[in-house]
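This is a predicted model, so every value here is computed, not measured. Every chain is numbered from 1 and lettered A, B, ... according to where its sequence line falls, protein lines coming before strand lines.
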Protein chains: 2
Amino acid sequence: MRIDELPSIRHLPLFCNMATENFEALMRGAYSQSFPAGMQLVEQGAPADFLFIVVEGAVEMYAGWGKRESTMGVIRPVGCFILAACIKDAPYLMSARTLQPSKIVMLPAPDLRAVFRRDTEFAVSVINELAGAFRTVIRHAKGLKLRDARQRIAAYLLEQSRYADNANSFVLQVEKRLIASYLGMTPENLSRGLRQLETEGVRVKGMEVTVTDRDRLTEFAAPNVLLDGPDPEGSDGICLPPPTAIHPV
Amino acid sequence: MRIDELPSIRHLPLFCNMATENFEALMRGAYSQSFPAGMQLVEQGAPADFLFIVVEGAVEMYAGWGKRESTMGVIRPVGCFILAACIKDAPYLMSARTLQPSKIVMLPAPDLRAVFRRDTEFAVSVINELAGAFRTVIRHAKGLKLRDARQRIAAYLLEQSRYADNANSFVLQVEKRLIASYLGMTPENLSRGLRQLETEGVRVKGMEVTVTDRDRLTEFAAPNVLLDGPDPEGSDGICLPPPTAIHPV
DNA sequence: CGAACCCTTGACAGAAATCAACTAAGGTGG
DNA sequence: CCACCTTAGTTGATTTCTGTCAAGGGTTCG
């Protein structure tokens, strides 16, 4: 475990309130490793031996069933994933692979389970992390069940705009086929949906999104704190990363 | 707070490991109340003032968006709901209403948050509850994204059969329109789906389900621990209650 | 007995997946 | 540097699935 990664991990909501002594104990058992893009880190169904922390790069969480596959989210620095499986000592429900060259820290799950039993502040942090992650997935499930494909796209774009300080122009951070999978549709359908949304106040050209009529788009998507935010509350792999704003000159 | 409900609550995984002193402190602030069927207990968006515990009866968790509504799960005795919102001190993401006359215990959320800070065993129980609930919703979301409607129905019936000790005949515990909503489809579609599944090894007549060809149904549904169980891991309103088996004479 | 309400069925319209073809961009290797 | 290959994205044609609307049967409950 290299020293230079410790501060950024220490600042994670999950670890920032625990006793230094316990944090250091936890980190003594940690591995740090760099992976190329496209490397599978976790296979769903495998025993949860490690908690993963993304220090650099990006990791896609996805789930498979037979030949089908669906993106569940993307983890960016600094965030952790598969916390719940480690706690329950149960098989991972999602697979993970790097989208870019990434630096990953792995904490042995038994150490994790031991530490929150003797560090209340850490236990409280874990509780908050899990409660937030739960709420994020509930929102995701609500979106899938209550909105149709075009409404999900519109709400997603509006949410991305909000993350980019309500900028009217911004750049998508991940491939469209990944966004499509995350939103529960095929890439073809996302493509067509984006085209159709041009009449609802948003134009997309390549990776660049421009909100042309915010009121109209807002009326169409009917965004809602109970479905779209205000903010990602937990990091356990159930949302996509925020975009970068394009600020007008 | 009546004395006679305490033992069953005390036996909940959430409370069974905490210090008696802390449990009693928690219960001193609790209200117990009986409600008729069809009573709305919680409205999504409201501040999370209470943790709810179902002592008798049944409670439906559902979410709405505009005019649409979707069932997220049913809580039966003895189970709790909206734990995550109480912990985050954030608005409820789901509404709740009684399906039957029900006896409900309500714990003030601030008490809850105070107690797990000073009772590590309780904190660990909360962690396990939330981790389980998270995994249950992830499974639900995976099912929605990876399976089509008929496959979801088949998997649901097979899961119900498993809960009924792998009985080949059992009785559904909730209205079909509620099951339909939970599975993310209209009642009409569920009805047609059930009809079509007669060629895949299961027959449904009224509320009674009979598995006529388990191998065939299993092949069709391709059930999987990463999607369907083994068991509900958390109770926070994201699954439907198990059926009762009909044992052959 | 009537009034709801649930469930079912049919007919239809709309949505989404699939299949196929084509473009464009990026990377590789000669 | 260019030819080639791979892959993401788009578009169109088609089929399949799903929701909607409407009607009728059955049940429960007042």
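Among the nucleotides dT18(C), dG9(D), dA17(C), the one closest to any side-chain atom of Met185(A) is dA17(C). Comparing dG9(D), dT9(C), dT18(D) against the side chain of Ala149(B) picks out dT18(D) as the nearest.
In this entry the distance linking CZ of Arg177(A) with P of dA17(C) reads 16 Å, nearest Å. Atom-to-atom, CZ of Arg195(B) to P of dT18(D) comes out at 17 Å; the value is rounded to the nearest Å. Rounding to whole angstrom units, NZ of residue Lys145(A) and C1' of dT18(D) are separated by 16 Å. One interatomic measurement links the two molecules: NZ of Lys176(B) to P of dG26(D), which rounds to 15 Å at whole-angstrom precision. If you take CD of Glu198(A) and C1' of dT10(D), they are 13 Å apart, rounded to a whole angstrom. Met207(B) places its CE atom 11 Å from the P atom of dC6(C), with the value rounded to the nearest Å. In this structure, CG of Leu99(A) is placed 12 Å from P of dA8(D), rounded to the nearest angstrom. Between the CG atom of Leu172(B) and the C1' atom of dC7(C) there is a distance of 13 Å, rounded to whole Å.
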Please determine whether side chain to side chain donor-acceptor pair (under 3.5 Å) holds for the pair Ser181(B) and Glu69(B), giving the CA-CA distance in whole Å, both sets of side-chain angles, and the decisive distance to 0.1 Å.
CA-CA 8 Å; Ser181(B) 180; Glu69(B) 217 174 84; over 6 Å; no

Using the rule given for side chain to side chain contact (heavy atoms under 4.5 Å, CB included), can you reason through Met94(B) versus Val42(B), listing the C-alpha separation, both sets of side-chain angles and the distance that settles it, and then say yes or no?
CA-CA 8 Å; Met94(B) 296 185 278; Val42(B) 166; over 6 Å; no

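Contacts of Gln151(B) classified as side chain to side chain contact (heavy atoms under 4.5 Å, CB included), with partners at least two apart in sequence or in another chain: Trp65(A), Arg68(A), Arg147(B), Asp148(B), Phe220(B). For Met207(B), the side chain to side chain contact (heavy atoms under 4.5 Å, CB included) test picks out Val171(B), Leu172(B), Lys176(B), with sequence neighbours left out.
We find the CG-CG distance between Asn189(A) and Leu183(A) to be 11.0 Å, quoted to the nearest 0.5 Å.
Between the axis at the start and the axis at the end of the helix from dC1(C)-dG30(D) to dG30(C)-dC1(D) there is an angle of 40°, using five pairs per end and rounding to 10 degrees.
Nucleotides of DNA chain C nearest to Asn189(B) and Asp148(A) differ in position, and the one nearer the 5' end is that of Asn189(B).
Using cut-offs of 30° and 60° on the angle between ring planes, the pair Phe50(A) and Tyr31(A) is perpendicular.
Residue Glu175(B) is in sugar-phosphate contact alone, with no base atom involved, counting any heavy-atom pair closer than 4.0 Å across all strands shown.
Applying the 4.0 Å criterion to OP1 and OP2 of dG19(D), one finds that Thr186(B) has a side-chain N or O inside that range. Contact annotation: Arg192(A) side-chain N/O to dT10(D) OP1/OP2 distance is not under 4.0 Å.
Side chain Glu188(B) to base dC21(D): a donor-acceptor pair is found below 3.5 Å.
Here the side chains of Lys142(A) and Ile138(A) are in contact, with some heavy-atom distance below 4.5 Å.
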